[in-house]
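Every heavy atom of this structure was used, including side-chain atoms; hydrogens, water molecules and symmetry mates were not.
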Protein chains: 2
Amino acid sequence: MDEKLTIQDIARLAGVSKSSVSRVLNNYPAISQELRERVMRVVREYNFVPNVTARGLAGGKTRLVGVLTPPLTWPAIPEMLRGVAEYIERTSYEMVLYSINFENPTHTDVVDRILSLRMVSGLLAILPCDLTPHLLKHFERGLPMVMINDQEPPEHFPCPWVGVDNRTGGYQATRHLLDLGYRRIAHVMGPKRYYCAQERFEGYCQALREVGLEPDPELLLQGEFDPASGRRCARELFARERTRWPEAIFVANDQMAYGFLEVAEEQGIQIPQDVALVGFDDNLVSSHVRPPLTTVRQPFSQMGAKAIELLLKMVDPDHVLPRARAAEDEGHTEAGARMTPATGPLAAAADGSGHQLRVHETSAPYRLDGAIHIQLDTSLVVRASSVPA
Amino acid sequence: MDEKLTIQDIARLAGVSKSSVSRVLNNYPAISQELRERVMRVVREYNFVPNVTARGLAGGKTRLVGVLTPPLTWPAIPEMLRGVAEYIERTSYEMVLYSINFENPTHTDVVDRILSLRMVSGLLAILPCDLTPHLLKHFERGLPMVMINDQEPPEHFPCPWVGVDNRTGGYQATRHLLDLGYRRIAHVMGPKRYYCAQERFEGYCQALREVGLEPDPELLLQGEFDPASGRRCARELFARERTRWPEAIFVANDQMAYGFLEVAEEQGIQIPQDVALVGFDDNLVSSHVRPPLTTVRQPFSQMGAKAIELLLKMVDPDHVLPRARAAEDEGHTEAGARMTPATGPLAAAADGSGHQLRVHETSAPYRLDGAIHIQLDTSLVVRASSVPA
DNA sequence: TTGTACGCGTTATCAG
DNA sequence: CTGATAACGCGTACAA
């Protein structure tokens, strides 16, 4: 097919100057229709694609964006990246993946090295954990950046940001349990240093107060967002005399909920008959555990897509490709269909218990202290861990 | 810190020519020790990193390698990429991720676009499915490429290749069940068009014959490597009269095994008491399903690492960084237990439940018809789905 | 062993 | 609106 044509060759073939070819290729506004067509004909015929490297050198824009992630084996990461990849595929940009290992103490060096290469024209930082302060320095020094980071309070956070409404999420989970008639509802919090953990807790409190209940300190446990701490909390709770058990538990993330399921099975505790359980996240496996987990769904894939869209808008306001909008409607319904398979929500909808699957919607982006923030909605996914089949 | 120093600036600061700086930076052999030190001092002081883009343009090597993957939500992909990322992090290369959606009918175009950009100096194609023929064209046209692809028979496969010994894997699974005393052992095959499915089946047959048994056609089912087909096969099997049930089942991958677990739970069939179950892959979730799944482990992360190592050796034989080897021995014992056979066998530890975990070893790379092939070993992971706790 | 000069393929800046 | 021409930052023959 193509060997190694340059813009020069195309220019010669089309009988124009290479600057003209360049202009056509970059959608320069003031070009005669005739020239544009003449060039495009040759471009298409030879399947010409300009050399990215040269483009980067000359124009300063690399058409590469970096994506910094925790190990891909973390629960939500692959889904977020799917959203990123699907969006990026429809642009002329490419994604350079930096999957960093937080175990490595030198990870700030890694970040510096990445950025000093000046290869990426922007950075999407996904759950950067303790790297946040370091990254913010680069941001303040001018690197276009977007974060997906639920550890920091959005207020006064200087960097563009995509996240979900954790408060409402916590409310949804708790409200669901209240609607089922439960009153003694425990909450297993995430680490207090994580803002999302605080928000989910606040949502929990708000739902309780709405029905005239006050959060009971005895029913509040402290977890670490991992299965081990879930197991620990479960053992602690189930070691109490039966009368002091809660009727239901809202666990601040699915990982800890898995720990609860394990302990429950060990000890022969029936879920939801003995205790109802609701998690948060809707990880891919949550519909496959036993019993399938009722949980608050975060639209991870959509978060990734929104975040990369925002980033590209920052580095290149008109990066949008022709077929972008059409694909957005279609592709998302397909992605959305994944939300309502026969296994999970369908059963809930079918059992006539009146629980609905509220499909998330995109809130409009808003500015807080000058930085754009996009907050997406969570949605409750009802499965068998809260309502018996 | 650094603003935008060029090699020219460094040269001036060090009082040498820019070619000298370039040579030092590229480990050119014939350089005086003094010059090298003089340059490196300045380089370090200013934290200089050469511009990748310019490097790519001038030298023709981009220091970027492409990694083509199915959606990251596929079971083994994140683990493979973890291996890739951990290796790449220790080199001066970066990974450009192309996560493609096989649903998209135009994916060959996507591939062509990627490659015509001439941005990546090599491509690692992970489980490219029906894209293989198309990719091979690019390979034969000179693009350095490595595949992780278990659908094709290694013989006569022209492209460097990393995979596992599926035959021995199938043997291990079956042998394990035989050792437990089972004789009526069913096998749920993967699609016949996948070479790995055939190999696993052959391993199954070999183990049976070793103890004087002949594979029973009645106990051979055909699946499609997805949970749905697993459920289908399970229903088919368990619908037979009880005397015609197998005592144990070797399912050709974990995904299908999940389907078996679901159906078993639906129908109140006890695993392993009523039927023992062994899968293949050891996906991340397989230790968390109920009961935890006995399975043949593929060293996905190591496969990724080996594959990218091979690819980098092809595009740049001495890409190894100074700290690479040290890191491999030391800091990497944790992650590196997967990489170095040295730490392998010793780690034959119990996973808490007293079941042995045989750690796989790396076979030496060998050539087949001129193309390098690396075949890694699988290992049996015994959990509760085959031996009651 | 080191320095000089040119080229890599594009974009941007000028004239025209 | 279009065409020369100068950067962009680095690698590398070639010369010294």
What's the [atom1]-[atom2] distance between [X] and [N], to the nearest Å?
X	N	atom1	atom2	value
A:R23	D:dA4	CZ	C1'	10 Å
A:N27	C:dT11	CG	P	12 Å
B:R38	C:dT1	CZ	P	16 Å
A:I31	D:dT2	CD1	C1'	10 Å
B:E37	C:dT1	CD	C1'	16 Å
B:R12	D:dC10	CZ	P	13 Å
A:L5	C:dT10	CG	C1'	15 Å
B:D9	D:dC8	CG	P	11 Å

Next item on the list: For the pair A:E309 and A:K306, find out whether any cationic side-chain nitrogen is under 4.0 Å from an anionic carboxylate oxygen.
Entry: yes

Margin query: So that I can tick it off, tell me whether B:E45 and B:R41 are bridged by a salt bridge, with the cut-off set at under 4.0 angstrom between side-chain N and carboxylate O.
Written below: no

Check every strand shown and say whether [X] touches a base, only sugar-phosphate, or nothing at a heavy-atom separation below 4.0 Å.
X	value
A:T6	sugar-phosphate
B:L57	base
A:K18	base
A:L35	sugar-phosphate

Item checked: Which residue lies more 5' along DNA chain C, comparing A:I7 with B:Y28 via nearest heavy atoms -> B:Y28

Checklist line | Given DNA chain C, 5'-ward residue of the pair A:K61 and B:A54, judged by closest heavy atom | finding: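 With A:K61 and B:A54 compared, the 5'-side residue is B:A54.
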
Note to self: Is the shortest side-chain heavy-atom distance between A:S121 and A:R63 below 4.5 Å?
What the structure shows: no

Note to self: As a test of understanding, state which of B:T108, B:D112, B:D109 forms a side chain to side chain donor-acceptor pair (under 3.5 Å) with B:H134.
What the structure shows: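 Result: among B:T108, B:D112, B:D109, B:D112 is the only option passing the side chain to side chain donor-acceptor pair (under 3.5 Å) with B:H134.
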
Under 4.0 Å: is that the gap between some side-chain N or O of [X] and OP1 or OP2 of [N]?
X	N	answer
B:N26	D:dG11	yes
B:S32	C:dT2	yes
B:S19	C:dT4	no
A:R55	C:dT11	yes
B:S20	C:dG3	yes

Notebook entry, point to check: Are a donor atom and an acceptor atom from the side chains of B:T132 and B:N149 found within less than 3.5 Å of each other?
Noted result: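 Yes, side-chain donor-acceptor contact under 3.5 Å.
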
Notebook entry, point to check: Got a second to check how far A:K61's NZ is from A:Y93's OH, nearest 0.5 Å?
Noted result: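 Here the rounded value is 5.0 Å.
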
Notebook entry, point to check: Counting only distance, no hydrogens or angles, is the base of C:dA12 paired donor-acceptor with the side chain of A:S22 under 3.5 Å?
Noted result: no

Check: Of A:S17 and B:R63, whose closest DNA chain D nucleotide lies nearer the 5' terminus?
Finding: A:S17

